[in-house]
S.K.: 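Below is one structure. I have some questions about it.
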Amino acid sequence: MLLDLPKPTELAVPAFVLFVLLEMVYGWKTGRAKFEGKDTFTSLLMGLGSTISGALTLSVTFFVSYWVWENFALFNLGSALWVFVLAFVLDDLAYYWIHRFGHRSRWMWAAHVIHHSSQHYNLSTALRQTWTGQLTPGFLFKWPLFILGIEPAIVYFCAGLNLIYQFWIHTEAIGRMPRWFEAVMNTPSHHRVHHANNPKYLDANYAGVFIIWDKMFGSFIPEDREEPCRYGLVRDLGTFNPLRVAFHEWWGIVTDMWHAKGLRNKLMFLIAPPGWTPDGSRKTSDMIKAEWRERLTRDGKNTSHEASEAPQAAE
Amino acid sequence: MNIELTIGSLLAIAALAWIAGRLFPVTKPLNEERVIRNLVRYEPDAKFDEILLSEDGQTAFVPLLAPENTIGLLHQLGDRVVCRIMGASEIAATRIDHASLTIVTQDFTQREVKLFLSEKPMATARKALNAITDTQETRHAA
């Protein structure tokens with residue numbers, strides 16, 4: 001008998017709406033949160049589209065997941081409370097790697113870029129989600145959990161809780177949490193760094209719930225009070241059109257692969273980091289960071305994570 | 001996901017976006033200070049002598065001395081600025097209609113940018129565009 005668990009994210013929708021409204025009013029009163037009408041509309045519409053695309057492919061996702069679990073599970077872990085706790089932690093670890101590859105491979109970036117495409121950072125940005133995540137190999141990262149013996153329904157239930165946790169960290173209204181909390185958990189401060197396009201902050205803080213993964217795998221960068229986060233992409237989008245937002249990177253991959261010479265180059269346009277080109281005419285995040293370090297070294301400034309000097313944020 | 005939930009969500013989205021628009025109106029047009037700040041952030045080595053601001057305060061054209069053979073194109077999107085450093089290969093076409101210059105780009109998210117310029121800035125913009133286009137033609141010829 002398969003487990004029939006609720007979908008936490010669908011249940012949380014009314015709360016999402018309420019908290020976006022509350023942050024908006026709080027920002028209006030205090031200036032500690034910023035919104036813009038069209039940006040908010042696009043973010044929320046991307047969220048709705050993501051829910052619809054997820055619902056349309058749900059049966060396929062479940063079928064494949066259960067096929068792996070039923071045929072390759074090493075153990076039958078059942079559905080005790082400790083299995084849910086274990087699933088939550090391991091799913092968060094899987095999320096870390098999905099997310100990291102989501103930034104480091106253009107195929108997965110094509111889906112994830114949507115979440116980073118707003119130049120604002122508020123609770124509506126949390127809901128700006130992809131419509132095309134199912135077209136990437138990200139689902140493979142969950143397979144080890146099924147093979148370990150955790151039932152897919154439990155994994156997807158925990159993934160829903162994980163997403164709900166991540167909602168509240170998309171805000172500028174909260175500065176820092178208590179030190180012990182910042183040490184272990186992902187927080188608004190850590191996640192602001194993740195959404196920033198300042199060269200100093202690129203490719204950092206991939207965590208979902210537990211920031212310890214970034215500390216373990218060397219991708220943690222703390223927020224620097226002297227370096228205000230500037231949100232968006234290294235090449236920001238020039239549109240609010242949801243269709244162009246949803247598919248722009250896929251279109252870029254297709255056109256680049258079409259024009260590329262040789263199979264290797266075609267493949268690299270799909271799997272290499274975003275910004276990769278055979279002739280280096282565009283910039284990857286590594287190239288942007290290297291240029292930034294070189295510039296600071298040239299100017300005799302410190303480039304460590306504790307450094308306080310860097311390009312000024314702009315709007 | 002049922003139809004009632006979808007329609008309810010659409011209504012909530014429209015309401016929240018409307019409230020955001022009312023509480024946070026876009027009042028600040030593009031000006032030289034914002035152009036410089038964003039251009040330098042995007043391309044720290046950019047060198048330029050002048051900034052051509054569109055009369056509608058939405059767009060700016062910057063003939064760049066460095067990087068060579070490029071122009072800076074900045075457009076206000078909502079309350080934020082989108083900055084592009086463009087070479088000839090990124091410009092698909094240009095259209096000039098006495099007081100307006102339309103630059104059609106290869107950018108999927110920003111198909112065209114329109115500037116409203118008076119006579120002198122228009123001439124400067126045309127000269128800058130011709131310069132980078134000529135360079136590309138020279139390269140092709142070589």
Side-chain angles (χ1 to χ4, degrees), chain A residues 10 13-14 16-17 20-21 24-25 27-28 33-45 47-48 51-52 54-56 58 117-120 122 124 127 197-199 230-232 234-241 244-245 247-249 251-252 255 281 291-292 295 311-315, chain B residues 1-3 5-28 30 33-45 59 67 73-87 89-90 103 105-113:
Chain A
E10 284 190 13
V13 167
F16 289 160
V17 172
V20 170
L21 185 61
M24 226 178 258
V25 174
W28 175 61
K34 291 172 195 144
F35 284 81
E36 196 273 325
K38 287 179 185 168
D39 176 84
T40 303
F41 181 77
T42 303
S43 291
L44 298 176
L45 207 59
L48 178 62
T51 308
I52 292 171
L56 290 176
L58 186 68
S117 61
S118 173
Q119 292 196 54
H120 283 270
N122 53 46
S124 78
L127 305 176
N197 62 15
N198 313 43
R230 203 285 176 200
Y231 306 105
V234 294
R235 185 182 167 91
D236 285 309
L237 302 191
T239 184
F240 289 124
N241 180 330
R244 288 192 186 270
V245 172
F247 298 109
H248 73 275
E249 194 66 27
W251 177 256
T255 51
S281 56
E291 283 180 8
W292 169 72
R295 202 174 302 119
Q312 190 191 358
E315 65 179 40
Chain B
M1 185 94 191
N2 59 38
I3 192 72
L5 197 55
T6 306
I7 292 171
S9 298
L10 277 171
L11 291 173
I13 288 168
L16 284 172
W18 183 80
I19 294 168
R22 300 289 292 186
L23 296 184
F24 301 88
V26 180
T27 53
K28 209 164 46 169
L30 204 53
E33 186 271 326
R34 292 182 78 199
V35 169
I36 293 168
R37 192 151 42 92
N38 280 279
L39 189 61
V40 170
R41 178 181 62 81
Y42 196 84
E43 178 52 70
D45 297 325
T59 310
L73 209 52
L74 294 94
H75 181 69
Q76 177 146 328
L77 186 76
D79 61 344
R80 302 289 147 143
V81 177
V82 176
C83 180
R84 298 277 187 265
I85 308 293
M86 304 181 98
S89 64
E90 289 161 279
I103 299 174
T105 77
Q106 306 282 9
D107 188 329
F108 186 71
T109 71
Q110 196 176 31
R111 276 301 185 203
E112 57 178 51
V113 176

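Side chains included, hydrogens not; waters and symmetry mates left out as well; all remaining heavy atoms used. For clarity, every value in this text was computed on a predicted model and none was experimentally measured. Below, read A as the first sequence line, B as the second, and so on, with proteins coming before strands; counting in each chain starts at 1.
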S.K.: Run through B/Thr109, B/Asp107, B/Val82 and flag the one making a side chain to side chain contact (heavy atoms under 4.5 Å, CB included) with A/Arg235.
M.R.: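 With A/Arg235 as partner, side chain to side chain contact (heavy atoms under 4.5 Å, CB included) holds for just one option, B/Asp107.
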
S.K.: Restricting to non-hydrogen atoms, name the atom on A/Leu21 and the atom on B/Ile19 that form the minimum distance, rounded to 0.1 Å.
M.R.: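 Residues A/Leu21 and B/Ile19, closest heavy atoms: CD1-CD1, 3.8 Å.
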
S.K.: If we define contacts as heavy-atom pairs under 4.5 Å, which of A/Trp251, A/Phe41, A/Phe247 has the most with chain B?
M.R.: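 Maximum pair count with chain B is reached by A/Trp251.
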
S.K.: Taking the side chain as everything from C-beta on, heavy atoms only, tell me whether A/Asp236 gets closer than 4.5 Å to B/His75.
M.R.: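 Side-chain contact under 4.5 Å: no.
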
S.K.: Does any heavy atom of chain B fall under 4.5 Å from the side chain of A/Asn197, the backbone, both, or neither of them?
M.R.: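 Side chain of A/Asn197 only, per the 4.5 Å heavy-atom cut-off to chain B.
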
S.K.: Starting at CG of A/Leu45, measure out to OG of B/Ser9 and round the result to the nearest 0.5 Å.
M.R.: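 One gets 10.5 Å once the value is rounded to the nearest 0.5 Å.
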
S.K.: Out of A/Leu237, A/Thr40, A/Val234, which one racks up the most heavy-atom pairs below 4.5 Å with chain B?
M.R.: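 Greatest number of close heavy-atom pairs with chain B: A/Leu237.
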
S.K.: Checking heavy atoms, do the side chain of A/Val245, its backbone, both or neither come under 4.5 Å from chain B?
M.R.: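 Interface part for A/Val245: neither.
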
S.K.: Can you say whether B/Arg111 sits under 4.5 Å from chain A via the side chain, the backbone, both, or neither, judging by heavy atoms?
M.R.: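 Just its side chain gets close to chain A.
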
S.K.: Taking all non-hydrogen atoms of both residues, which atom of A/Gly37 and which atom of B/Ala20 are closest, and how far apart?
M.R.: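 In terms of heavy atoms, the two residues are closest at CA-CB, 4.0 Å.
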
S.K.: So, A/Asp39 and B/Arg80, do they make that salt bridge, N to O below 4.0 Å?
M.R.: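 Not counted as a salt bridge, because no side-chain N and carboxylate O are separated by less than 4.0 Å.
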
S.K.: With chain B as the partner, which of A/Lys38, A/Arg244, A/Glu291 has the greatest number of non-hydrogen pairs under 4.5 Å?
M.R.: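 It is A/Arg244.
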
S.K.: Heavy atoms only, distances under 4.5 angstrom: which of B/Cys83, B/Ala17, B/Gly8 has the most pairs with chain A? Name it, please.
M.R.: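 The answer is B/Ala17.
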
S.K.: Is there a side-chain contact between B/Phe24 and A/Glu36 in this structure, where contact means two heavy atoms from C-beta onward sitting under 4.5 Å apart?
M.R.: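 Not touching, per the 4.5 Å side-chain cut-off.
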
S.K.: Using heavy-atom distances under 4.5 Å, tell me whether A/Trp28 contacts chain B through its side chain, its backbone, both, or neither.
M.R.: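 For A/Trp28, backbone and side chain are both near chain B.
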
S.K.: Over all heavy atoms of both residues, which pair between B/Asp79 and A/His120 is shortest? Give the atoms and the distance, please.
M.R.: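 Looks like OD1-NE2, 2.8 Å.
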
S.K.: Do B/Leu23 and A/Phe35 come within less than 4.5 Å of each other through their side chains, counting heavy atoms only?
M.R.: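 Side-chain contact under 4.5 Å: no.
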
S.K.: Kindly compute the distance separating OG (A/Ser43) from CG (B/Leu16), expressed to the nearest 0.5 Å.
M.R.: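 That separation rounds to 11.5 Å.
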
